[in-house]
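What follows is a short report on a single structure.
Residue numbering restarts at 1 for every chain, and letters A, B, ... go by the order of the sequence lines.
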2 protein chains.
Amino acid sequence: MDTLHATTAFAALSQPTRLDVFRLLVQAGKTGLLAGEIGEKLDVRQNTMSANLLVMLNAGLIRKTREGRGIRYFADMPAMADLIGFMLKDCCGGNVDECKPFLEQVACKC
Amino acid sequence: MDTLHATTAFAALSQPTRLDVFRLLVQAGKTGLLAGEIGEKLDVRQNTMSANLLVMLNAGLIRKTREGRGIRYFADMPAMADLIGFMLKDCCGGNVDECKPFLEQVACKC
DNA sequence: TTAATATATCAATAATTCATGATGTATGGA
DNA sequence: TCCATACATCATGAATTATTGATATATTAA
């Protein structure tokens, strides 16, 4: 992870449709979603959705596999973990006490 | 946190100088940094830095307090925790086993 | 092979974002 | 009060990004 990869990823997340797509895929977990399902859920035209999915693919935020006529998309969780790690590297000046309440707030609830 | 706030925050992080600023402030912790110090460390002109700091302020990623002639900036860690929480809401389809390795990767090392 | 379905690509316009020079404002010191 | 320091704002042109209609490609079914 470097600044270029990170800014590209954040740019991909900085557009409402794409952020919605990413959150849907995060919630879908390993099941993922077909491109058509995503477009239908979010009420976005086919070519617009395709362009947005490509932006997210290029940013390394999502992955895809063909499935018959459709293409199934997944959130790339390790990539997201990398991104968060890069952003928060050496956080809080290395002070654990300062950092702890932050970590508790971030922790996943599932 | 909603999609508008989140996309605004990600847009703020999608530009190299601003991402560098945020990471510097994360590392600075509660000490923060003066605007001038930030510009000097990153070799960015005064008005460009001021504009970029304003974008980050408006995005809710950083805070500031006046200190004599200078202005001291800080990363807003609770806001960042909110943002990450919004992005990862109901992650992994609620499946703890699927989620656990992700959490371990994200965990702060300090 | 022909048609239908699912998705991707292309070209073009509209909108947004960026860095910069110039200038304005706030604070502290002489 | 006058000046220097520290930072913010404004206006502008250049570059990037987003959406869309039209079209192309890949897969499956008839």
Side-chain angles (χ1 to χ4, degrees), chain A residues 3-25 28 31-76, chain B residues 3-25 28 31-76:
Chain A
T3 298
L4 178 59
H5 284 96
T7 51
T8 303
F10 286 129
L13 292 169
S14 74
Q15 199 272 347
T17 297
R18 291 196 299 259
L19 180 56
D20 287 346
V21 169
F22 187 76
R23 294 180 73 223
L24 272 181
L25 291 176
T31 304
L33 287 169
L34 295 173
E37 293 177 325
I38 301 172
E40 206 172 316
K41 276 177 192 280
L42 299 180
D43 194 27
V44 173
R45 290 167 199 260
Q46 185 271 317
N47 58 354
T48 299
M49 181 54 71
S50 180
N52 280 321
L53 288 168
L54 181 60
V55 171
M56 302 179 78
L57 270 175
N58 288 338
L61 290 172
I62 62 177
R63 290 174 295 107
K64 68 173 174 177
T65 60
R66 178 167 284 280
E67 185 173 310
R69 277 189 282 220
I71 295 187
R72 187 168 292 272
Y73 285 88
F74 307 87
D76 190 329
Chain B
T3 298
L4 178 58
H5 284 96
T7 52
T8 303
F10 286 128
L13 293 170
S14 73
Q15 200 273 346
T17 298
R18 290 195 299 258
L19 180 56
D20 288 346
V21 169
F22 187 74
R23 295 180 73 223
L24 270 182
L25 291 177
T31 305
L33 288 169
L34 294 173
E37 293 177 325
I38 300 172
E40 207 171 317
K41 274 177 193 280
L42 299 179
D43 194 26
V44 172
R45 290 166 199 261
Q46 186 270 316
N47 57 353
T48 298
M49 181 53 70
S50 180
N52 279 321
L53 288 168
L54 182 59
V55 170
M56 303 180 77
L57 270 175
N58 288 337
L61 290 172
I62 62 177
R63 289 172 296 105
K64 68 172 174 179
T65 60
R66 180 168 282 279
E67 186 174 306
R69 279 188 281 219
I71 296 187
R72 187 169 291 272
Y73 285 88
F74 308 87
D76 190 329

Subject >> Between P of C:dT17 and CD of A:Gln15, the distance in whole Å >> reply: 11 Å
Original post:
Would you find a donor on one side and an acceptor on the other, under 3.5 Å apart, between the side chain of B:Thr8 and the backbone of B:Leu4?
Top reply: yes
**OP:** Find which nucleotide of DNA chain D each of A:Thr17 and B:Ala51 is nearest to by heavy atoms, and output the residue with the more 5' nucleotide.
**Re:** B:Ala51
**OP:** Figure out the CG/P separation between B:Leu33 and D:dC7, and round it to whole Å.
**Re:** 11 Å
Subject >> Length of the CZ-P vector between B:Arg45 and C:dA22, whole Å >> reply: 11 Å
Original post:
Between B:Thr65 and B:Phe74, which heavy-atom pair has the shortest distance, and what is it?
Top reply: OG1-CE1, 3.7 Å
**OP:** Taking all non-hydrogen atoms of both residues into account, name the closest pair between A:Ala59 and A:Ala12 and its distance.
**Re:** CB-CB, 3.7 Å
Original post:
How close or far is atom P of C:dC18 from atom CG of B:Leu54, stated in whole angstroms?
Top reply: 12 Å
Original post:
Under 4.0 Å: is that the gap between some side-chain N or O of A:Thr48 and OP1 or OP2 of D:dT19?
Top reply: no
Original post:
So which nucleotide from C:dT20, C:dT7, D:dC7 ends up closest to the side chain of B:Asn47?
Top reply: C:dT20
Original post:
Say you draw a straight line from CG of A:Asp76 to CD1 of A:Ile62; how long is it, rounded to the nearest 0.5 Å?
Top reply: 9.5 Å
Original post:
Reckon A:Ser50 has a side-chain N or O less than 4.0 Å from the OP1 or OP2 of C:dT7?
Top reply: no
Original post:
Can you check the A:Glu37 CD to C:dT5 P distance for me, whole Å?
Top reply: 17 Å
Subject >> Stretch residues 59-76 of chain A: residues that reach within less than 4.0 Å of DNA chain D through a heavy atom >> reply: A:Arg66, A:Gly68, A:Arg69
Original post:
When you check the phosphate oxygens OP1 and OP2 of C:dA19, does a side-chain N or O of B:Asn52 lie under 4.0 Å from one of them?
Top reply: yes
Subject >> Side chain to side chain, B:Leu53 and B:Val21, heavy atoms closer than 4.5 Å >> reply: yes
Subject >> Side chain A:Gln46 and base C:dA8 donor-acceptor under 3.5 Å >> reply: yes
